[in-house]
S.K.: 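Handing you this structure, nothing more for now.
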Amino acid sequence: MALGVQRFFLSVLFFGLAAPSLGADVKRGEYLFAAAGCKGCHTDVKHKGPPLAGGRQLKTAFGVFYSPNITPDRDHGIGKWSDADFIRALRFGLAPDGRHYFPVFPYSFYTGITDRDLMDIKAYLFTRPASARANNPHDTNPLFGQRFLIAVWKTLYFKPGPFKPSPEKSGIWNRGAYLVNALSHCAACHTPRNALGAIKRDRWMAGTNEGPQGGTIPNITPDRETGIGRWLKGDLEEVLQTGLLPDGDFVGDSMGEVVDDVTGKLVSDDIKAIATYLRSLPPVRHKIGKKGR
């Protein structure tokens, strides 16, 4: 384990020294920002908070976390961050001062985002109105609130990216894999976690009864009994675009938010890519409750 920690910090040190300064496309960054679902977590809609100024309450088994301010405010947001700071945060889960971010921030998925896409997202964020809203302190279990323990967690469960396309797969499959596994981080909600909050890889996308805010999240593997294996061609694309389920009902709760803010804003080619990837997954038999689909 000690060797793994040493290699991890050496890679971070090297990356921090060598991080490139890249040209960025703000318009493209706006699209990628939507695909990454940043707005939902970083805006406290319930209390009418400023956009992207943080403060949204995120209840977990380890305590209550509050999303941070990611506006370009220089004192309370990310206005002082360099390109290297931004990439280090999303690629390695490290703050500019070297502190570990808690994995409620889905950097274990965002690590797969390419440098170009990260720079475009950052460029878009820096065009947003700055907010001087201060960040809320987290309310966590004393044990799990120790940031130095995250270094151990990362050694056990975290593999830095970026995403590498599979040469054996088609372009549309690779695009879908990138969107699902990196940008849109679908597994963060649709995959069960172990006692330490790490993804259970053997139940990838198989749903959970212990989703965000305690909701029940459906199995989206192509299992015919407990997943989406019986859905007709086009059903999945319809759900992602409009939220309309094959039975005529609409998705609700957290998935309704995802459709409104994330998948519903994607172009049709990206919707098809996501569907192509999800249909290719190994079916996992995992029956969960129906509440909160």
Side-chain angles (χ1 to χ4, degrees), residues 33-43 45-46 56-67 90 93 101-113 157-158 163 176-223 226-228 231 236 239-243 245 249-266 270-271 273-275 277-279 281-284 286-293:
F33 164 86
C38 309
K39 176 184 174 182
C41 282
H42 289 278
T43 303
V45 174
K46 182 177 180 180
R56 178 168 180 173
Q57 188 180 80
L58 305 171
K59 296 180 181 179
T60 76
F62 308 103
V64 178
F65 295 84
Y66 293 88
S67 60
L90 280 81
Y101 285 121
F102 293 108
V104 67
F105 169 34
Y107 56 81
S108 58
F109 300 94
Y110 287 159
T111 189
I113 303 176
Y157 301 116
F158 176 57
F163 173 81
Y178 178 65
L179 287 165
V180 168
N181 297 331
L183 269 173
S184 300
H185 57 286
C186 305
C189 289
H190 284 277
T191 303
R193 296 174 182 268
N194 66 19
L196 293 179
I199 291 292
K200 293 183 178 180
R201 297 283 170 177
D202 62 336
R203 291 196 173 182
W204 189 255
M205 301 294 184
T208 176
N209 287 318
E210 300 176 351
Q213 310 297 322
T216 300
I217 309 298
N219 182 340
I220 55 172
T221 74
D223 180 70
T226 63
I228 61 172
W231 287 17
L236 182 53
V239 171
L240 294 171
Q241 289 177 315
T242 70
L245 292 160
D249 196 2
F250 281 88
V251 297
D253 298 336
S254 58
M255 189 59 196
E257 183 179 322
V258 168
V259 172
D260 289 342
D261 293 336
V262 184
T263 60
K265 296 184 181 300
L266 298 179
D270 279 347
I271 291 290
I274 290 173
Y277 171 75
L278 291 177
R279 292 191 188 101
L281 293 175
V284 179
H286 185 214
K287 186 176 182 179
I288 59 170
K290 295 183 179 180
K291 180 182 177 182
R293 64 182 177 183

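Everything quoted here is computed from the prediction, not taken from an experiment.
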S.K.: Roughly how far, to the nearest 0.5 Å, is the NE2 atom of His185 from the OH atom of Tyr110?
M.R.: 4.0 Å
S.K.: Quick one: list whatever passes side-chain contact (heavy atoms from CB on, under 4.5 Å) with Val45, sequence neighbours left out.
M.R.: Thr43
S.K.: Using ring pair (Phe, Tyr, Trp, His ring centres under 6.0 Å) as the criterion, list what pairs up with Phe65, not counting sequence neighbours.
M.R.: Phe102, His138
S.K.: To the nearest 0.5 Å, what is the distance between CG on Leu179 and CD1 on Ile271?
M.R.: 9.0 Å
S.K.: Restricting to non-hydrogen atoms, name the atom on Thr263 and the atom on Leu240 that form the minimum distance, rounded to 0.1 Å.
M.R.: OG1-O, 2.6 Å
S.K.: Just to verify, what does Arg193 make a salt bridge (Lys or Arg N to Asp or Glu O under 4.0 Å) with, not counting sequence neighbours?
M.R.: none
S.K.: Out of curiosity, Cys38 SG to Leu90 CG, how far, rounded to the nearest 0.5 Å?
M.R.: 7.5 Å
S.K.: Between Thr60 (side chain) and Phe62 (backbone), is there a donor-acceptor pair under 3.5 Å?
M.R.: yes
S.K.: Tell me every residue that passes side-chain contact (heavy atoms from CB on, under 4.5 Å) with Cys189, counting only those two or more places apart in sequence or in another chain.
M.R.: Pro212, Ile217
S.K.: Minimum heavy-atom separation for Pro283 and Pro222, please, with both atom names.
M.R.: CB-C, 3.7 Å
S.K.: Test of understanding: with ring pair (Phe, Tyr, Trp, His ring centres under 6.0 Å), list the residues that count as partners of His42, not counting sequence neighbours.
M.R.: none
S.K.: Return the minimal non-hydrogen interatomic distance between Ala35 and Ser184, and the atom names on each side.
M.R.: O-OG, 2.7 Å
S.K.: Let me have the donor-acceptor pairs involving side chains of residues 196-208, under 3.5 Å, with sequence neighbours excluded, atom names and distances please.
M.R.:
{"residue": "Arg203", "atom": "NH1", "partner": "His286", "partner atom": "NE2", "Å": "3.0"}
{"residue": "Thr208", "atom": "OG1", "partner": "Glu210", "partner atom": "N", "Å": "2.9"}

S.K.: Return the minimal non-hydrogen interatomic distance between Tyr157 and Asn194, and the atom names on each side.
M.R.: OH-ND2, 3.4 Å
S.K.: Table please: side-chain donor-acceptor pairs of residues 255-262 below 3.5 Å, with sequence neighbours left out.
M.R.:
{"residue": "Glu257", "atom": "OE1", "partner": "Arg56", "partner atom": "NH1", "Å": "3.4"}
{"residue": "Glu257", "atom": "OE1", "partner": "Arg56", "partner atom": "NH2", "Å": "3.4"}
{"residue": "Glu257", "atom": "OE2", "partner": "Arg56", "partner atom": "NH1", "Å": "2.8"}

S.K.: Restricting to side-chain contact (heavy atoms from CB on, under 4.5 Å), what partner residues turn up for Ala177, sequence neighbours left out?
M.R.: Phe163, Trp173, Asn181, Tyr277
S.K.: Partners of Tyr101 by ring pair (Phe, Tyr, Trp, His ring centres under 6.0 Å), sequence neighbours excluded?
M.R.: Phe105
S.K.: Hey, does Ile274 have a side-chain heavy atom less than 4.5 Å from the side chain of Leu266?
M.R.: yes
S.K.: Tyr178: which residues meet the side chain to side chain donor-acceptor pair (under 3.5 Å) condition with it, sequence neighbours left out?
M.R.: Asp117
S.K.: Go through the structure and list residues passing side chain to side chain donor-acceptor pair (under 3.5 Å) with Thr226, not counting sequence neighbours.
M.R.: Asn219, Asp223
S.K.: For the residue pair Gly112 and Ala182, what are the closest heavy atoms and their distance?
M.R.: C-CB, 3.8 Å
S.K.: Thr221 and Val284: which non-hydrogen atoms are nearest, and at how many Å?
M.R.: OG1-N, 3.0 Å
